[in-house]
Amino acid sequence: MLGLMQDRPLLISSLLDHAARNHAGSRIVSARPDGSLVRHSWPEIAARAAQLAHALAARGVQRGERIATLAWNEHHHLEAYYGISAMGAVLHTVNPRLFPGQIAFILADAEDTHLLVDPTLLAGAAALADQLPPSLRAIIVMGSEADIPADCPLRGRFELLAQESLIAGQPTQFDWPELDERSASSLCYTSGTTGEPKGVLYSHRSTVIHAISTLQKDCFAIGAADVVMPVVPMFHVNAWGIPYSAAAAGASLVLPGAKLDPASLHRLIEEEGVTFSAGVPTIWTALLNWLRAEPGRRFAAPPRLVVGGTALPTAINAGFLKEYGVSILHAWGMTEISPLGTTNARKPENAGWDEDRFLDYARKQGRPLFGVELRIRDGAGAEIPHDGTAFGELEVRGPWAAAAYFNRPGDAAFTADGWFRTGDVVTMDELGCIEIVDRAKDVIKSGGEWISSITLENLIMGHPAVQEAAVIAMAHPKWDERPLLLVQPKPGMAPTAEEILAYYEGKVAKWWIPDAVEFVESLPHTATGKLWKADLKTRYKGRVAG
Ligand code: AMP
């Protein structure tokens, strides 16, 4: 017997309609490159999204057609998020920090027909002109005619349009189509630290369910009175779905643009009354260091933060909480899972813990949100015990996890029984909380046992002379692989290798302690700000442990 409930599809247009209809008092604030702010309301964003959709429809854009964006967090991008998906086309967000060759590959793989570009990124797009795919019919600059320089090299080669002129005079209402909720809504490529980037094709259904789920108390916990600032970029993993969840909540949005330095972020938090923000640890580390260097600066009302993308260093978490009253929730996710998978919010079992014990525990990535199923299997395919020590590869299943990559049938990341293999190596403890101990390709396999490079990196970050560190494997004649520690010292500091290694004593098993330390001026990072281990491995390829 079927239930007798209305079968309304879960559509991205419904998020926008909801926010515009019910939350006209919330604001969307965008920071311009010169630091000035532009303000809109949800109804105004909805009207401008409708105008963009009309303009694209007039250009013949069809359902399922991919429209790319190369842009920061600001209102034109938000309008593209809604206008493109809601009309039935596919929003393809492209990470401007990728290498030019990767951007060209991604645009060709997606067969984008239009590319929307932020004016500040136009020169970068122009440099790519020779590599842009033949599918591309037009480039739309996300601004006015004045934002397109007269000598722009793209002139004459592509149809070059300004978004403001394109939408001017278009109707501000769009009768959004009632799509199949499983229709593709947006496309985002993985960072591609090894091999070619792979496209994840989200659906309206997966996006809406993810958005609603992230609102819950043990995740974003945002409502209409919140002022939400996604620092995590809209060009990568949909800014953790915040453009959608903020609309579902009716919250205000503060979109910080390209300037993510601590002073700019702090100013936005204070002036706009930001109550909630999300970003990677690098952003918050920089903000904490900046605050400490400016003794008078505080938060009038400390915002709540959600941090993920790489592991949250305990020192940052403790510093924000104890010195500035800012509480941080550690979250884990991936492009392939929309991206939120787990958060480390408290459970009843943590109730009697003192602050320091929980701060230490918060280094773990957390437990699954409702809807996310986790399975952890060792190299032989057996599920590992949930004892907080045994490692295995994490697999995920759920309504907002990918079932396949775009254009790549049969990828080995998807198991025959319907799970996605994350490539993250994790433990799970008795409370069901996972801790990433490594990427499957980065663990150091020493004499058949695994050493977690990430554990060694996190520990050494607590050494007062260490700015950043990376641990990679070097070949060893007897043990196959042994850890090599690369350390970037803090400015003006010159620790010795002995001092650094002594820091590990008593903190890890003796055989985990790296065999050698190299001091470096800086460490390479990927386009999404993660340590670029593949590059380090190439650089230190010939290095053999003695
Ligand atoms: P991306 O698809 O670019 O968002 O990268 C996803 C990967 O980032 C995951 O597979 C993890 O390896 C890593 N990651 C995400 N969140 C965390 C976290 N909280 N701690 C450690 N690694 C993380």
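Residue numbers start at 1 and run along the sequence shown. Keep in mind it's a predicted model, so treat the numbers as computed, not measured. All values below were derived from every heavy atom in this structure, side-chain atoms included, with hydrogens, water molecules and symmetry-related copies excluded. One-based numbering, in listed order, for ligands and for the atoms of each.
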Against heavy atoms of Ile436, which atoms of ligand 1 measure under 4.0 Å? 21 (C), 22 (N), 23 (C)
Flag Gly309 as yes when one of its N or O atoms lies below 3.5 Å from any N or O atom of ligand 1, and as no otherwise. yes
Please work out which of Ala311, Ala331, Ala440, Gly366 has its closest non-hydrogen atom nearest to atom 19 (N) of ligand 1. Ala331
Cation over ring face, Arg346 and Phe358, 6.0 Å, 45°: yes
At less than 4.0 angstrom from any non-hydrogen atom of Gln365, what atoms of ligand 1 do you find? 18 (C), 19 (N), 20 (N), 21 (C)
For ligand 1 and His330, I'd like to know whether there is a polar contact (N/O to N/O, distance under 3.5 Å). yes
Give a yes or no on whether the backbone of Pro230 and the side-chain of Asn73 come within a donor-acceptor separation of less than 3.5 Å. yes
Heavy-atom contacts with His236 under 4.0 Å: which atoms of ligand 1 show up? List them by number with element. 1 (P), 3 (O), 4 (O)
Distance from atom 2 (O) of ligand 1 to nearest protein heavy atom, with residue and atom: Thr335 OG1, 2.6 Å
Presence of salt bridge, Lys347 and Asp218, under 4.0 angstrom: no
Got an N/O contact under 3.5 Å between Thr422 and ligand 1? no
For atom 5 (O) of ligand 1, what is the closest protein heavy atom, and at what distance to 0.1 Å? Lys530 NZ, 2.8 Å
Lys/Arg cation over aromatic Tyr503: Lys507, 6.0 Å, 45° cone: yes
Is any side-chain heavy atom of Arg205 closer than 4.5 Å to a side-chain heavy atom of Ile209? yes
May I have the step-by-step check of ring-ring contact (aromatic ring centres under 6.0 Å, His included) for His266 and Trp290, ending in yes or no? CA-CA 10 Å; His266 185 262; Trp290 179 84; 5.3 Å; yes
Which residue holds the protein heavy atom closest to atom 10 (O) of ligand 1, what is that atom called, and what is the gap in Å? Asp424 OD2, 2.7 Å
With the threshold set at 4.0 Å, does a side-chain nitrogen-carboxylate oxygen contact exist between Arg408 and Glu196? yes
